[in-house]
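Below you'll find the structure, written out as structure tokens, and then a few comments.
None of the values given here were measured: they were computed from a predicted structure. We count ligands from 1, going down the list as the structure has it; atoms in each ligand are counted the same way.
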Amino acid sequence: MARTKTVYACTECGGASPKWQGQCPHCGAWNTLVESLAAPVSTRFESVAGMRSTVTALASVTAQESERIATGLAEFDRVLGGGLVAGGVVLLGGDPGIGKSTLLLQASAALGAARKTLYVTGEESVEQVALRAQRLGLVQAPVMLLAEVQLEAIVAAIGELAPEVVVIDSIQTVYTEALQSAPGSVAQVRECAAQLTRLAKKRGIVIVFVGHVTKEGALAGPRVLEHIVDTVLYFEGDPHSSFRLVRAIKNRFGAANELGVFAMTERGLRGVANPSALFLSQHGGPVPGSVVTATLEGSRPLLVEVQALVDPTQGGMPRRLAVGLDAQRLALLLAVLHRHGGVDTGGYDVFVNAVGGVRIGEPAGDLAIVMAVESSLKNRPLPDKSIVFGEVGLAGEVRPVQRGQERIREAVKLGFTTVIVPLANQPRHAIDGARIMAVQRVDEALDRLREG
Ligand code: TYD
Ligand code: MG
């Protein structure tokens, strides 16, 4: 095969160099040169851009909702915004071992019944995939398997078999002969993904890429692909818990921030249709340091237990540890608690944990964290069946959060009777069976806690 000419392009300024250098000769940036194909854009894109585009008035375009291809896994369909879309390219990123291959094999098996599905495995042999299928009870599934890592061979197979859905597991193992960089490098991953994406658009097929999040995070990980693909999903979850969350980070065909919840079982991933009570531990009664909060995950509220343990420091620097929350945020909240709540944690170790491997990414959990710390420090539990949410500001104010009513309703539905909320989130009408306590400031919330 004829070698295509490659150049090294700077990711900062775009300047091209004929060979790799540590520093870009054009802009002086370090470690920014990445190998790429030297062929002019026009020839590389010819297949797609064969026709000239014409200018159209927006009003004259009749757009239709694209038809959804249901994967047969309701939770997966939910994050996708209703299912896969023909011509759409999806990236499923996540740590190794989290369950990406399992999810996609299950989805392929269900899809295969109605659509021709090709599963390209670059990491495992077909026997290994078959072994997993056996475990999942899917040996009879109508899925075509291909163990291949060379881009050109994969493209040829797609041309030959004409599948409607293709899974590439994983994009980091795919390489093209045209580039000299090692498989998994930024140049290879980007070029292979770009070529497959063009193929998907041209043929109107669905391609799902698996992408590993490397330890270093950005380098050659799914990050470099996020702008190429239509939908970016991240698979997360604590490896020690059986729950797995699939989160939509970007979706050209639906709402981002959607969340699918799965449980990893002996026989693969099982969707959890009603996850809001999943992340609550079952205490017999109220426990000091434990506060339940309502966070919002995509379009649905999720009740999560926040636990704090505040203990005198045994010599040395006080330790602060946050699991499932932002550590910086914890430091900030401890400062607010000191200044505006009069609670000094200076001589104490503070550990805070969101139960069940869930991550609380929004500030609505602030007030729960503050109250959990105070509750643990004073060894005094919150009233039984109580729930807390609200953002805490640096001035000690409690700020409203979005969609407060939905959070309150979800909490009441699950049997919570005392709800501590920001004043602006106070419902206009009384809610049956719920005692609503609206607070404006952190110290006010703490007073409520002290009163019981
Ligand atoms: P896998 O899908 O191979 O992860 P990834 O492709 O993201 O690297 O999942 C591997 C883990 O899932 C492994 O630790 C075993 C576990 N697992 C189950 O618990 N039950 C099952 O039925 C299967 C297939 C895997
Ligand atoms: Mg895998």
Side-chain angles (χ1 to χ4, degrees), residues 71-76 79-80 89-112 117-141 143-149 154 165-175 183-184 188-189 192-193 196 207-217 219-223 225-226 229 231-249 259-272 275 278 356-357 359:
T71 61
L73 302 171
E75 288 295 301
F76 194 35
V79 258
L80 288 167
V89 179
V90 180
L91 170 68
L92 178 66
D95 292 331
I98 197 88
K100 300 180 295 296
S101 306
T102 306
L103 177 68
L104 291 175
L105 188 61
Q106 286 181 260
S108 303
L111 279 164
T117 304
L118 175 66
Y119 190 101
V120 182
T121 163
E123 300 197 334
E124 293 159 294
S125 63
V126 278
E127 288 78 17
Q128 280 171 309
V129 177
L131 214 61
R132 174 179 292 126
Q134 206 168 36
R135 193 170 167 187
L136 299 172
L138 299 171
V139 263
Q140 299 302 327
V143 180
M144 295 181 287
L145 288 182
L146 173 69
E148 183 57 71
V149 289
I154 295 171
V165 180
V166 179
V167 175
I168 308 282
D169 186 1
S170 68
I171 189 67
Q172 268 102 355
T173 57
V174 180
Y175 75 98
Q188 286 284 5
V189 168
C192 293
L196 287 166
I207 298 191
V208 183
F209 296 133
V210 171
H212 289 293
V213 177
T214 51
K215 277 247 157 52
E216 302 79 44
L219 206 72
R223 288 271 135 147
L225 303 179
E226 282 182 359
V229 301
T231 305
V232 179
L233 307 179
Y234 273 93
F235 214 137
E236 41 188 78
D238 181 354
H240 305 296
S241 119
S242 66
F243 296 112
R244 300 283 183 271
L245 310 176
V246 181
R247 210 183 282 278
I249 303 295
L259 181 82
V261 183
F262 293 92
M264 180 64 94
T265 68
E266 277 298 293
R267 306 195 60 204
L269 289 159
R270 199 169 38 80
V272 178
L278 213 64
R359 257 207 89 76

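- With 2.8 Å as the limit, T102 does not count as an N, O or S neighbour of the Mg ion (ligand 2).
- Contact annotation: the side chain of L245 approaches that of V261 to within less than 4.5 Å [non-hydrogen atoms, C-beta and beyond].
- Across R135, E124, K100, heavy-atom proximity to atom 23 (C) of ligand 1 is greatest for R135.
- The option from T265, D169, L269 that lies nearest to atom 20 (N) of ligand 1, judged by heavy atoms, is T265.
- Protein heavy atom at the shortest distance from atom 2 (O) of ligand 1 is T102 OG1, 2.6 Å.
- Look at L104 and you'll find every heavy atom at least 4.0 Å from all atoms of ligand 1.
- With respect to atom 6 (O) of ligand 1, the closest heavy atom belonging to the protein is S101 OG, 2.6 Å.
- Counting atoms of ligand 1 from 1 in the listed order, those under 4.0 Å from a heavy atom of R267 are 22 (O).
- A distance-only check finds no donor-acceptor pair linking the side chain of Q106 to the backbone of L73 [under 3.5 Å].
- Heavy-atom proximity to P96, at under 4.0 Å, picks out these atoms of ligand 1: 8 (O).
- Side chain of K100 to main chain of D95: a donor-acceptor pair is present (N/O by atom type, distance under 3.5 Å, no hydrogens or angles).
- Of all the atoms in ligand 1, the ones that sit under 4.0 Å from a non-hydrogen atom of L136 are 22 (O), 24 (C).
- Residues F235 and L233 have side chains not in contact (no heavy-atom distance under 4.5 Å, counting atoms from C-beta outward).
- Summary of contacts: the protein heavy atom closest to atom 3 (O) of ligand 1 is R132 NH2, 2.7 Å.
- Of the possible polar contacts, none joining the E124 side chain to the V129 backbone as a donor-acceptor pair under 3.5 Å is found.
- In this structure the side chain of L104 reaches within 4.5 angstrom of the side chain of F76, judged on heavy atoms.
- Residues L196 and I171 form a side-chain contact, since some pair of their non-hydrogen atoms from C-beta on lies under 4.5 Å apart.
- With contacts defined as side-chain heavy-atom distances shorter than 4.5 Å, the pair V210/S101 does not qualify.
- Side-chain atoms of R244 come within 3.5 Å of backbone atoms of I98 as a donor-acceptor pair (strictly under, hydrogens ignored).
- When hydrogens are left out, the protein atom nearest atom 17 (N) of ligand 1 is M264 SD, 3.6 Å; that is the closest non-hydrogen contact.
- Of all protein heavy atoms, the one closest to atom 22 (O) of ligand 1 is G268 N, 2.7 Å.
- Counting only heavy atoms of the protein, atom 4 (O) of ligand 1 lies nearest to G99 N, 3.1 Å.
- Within the 4.0 Å heavy-atom shell around ligand 1 one finds G97.
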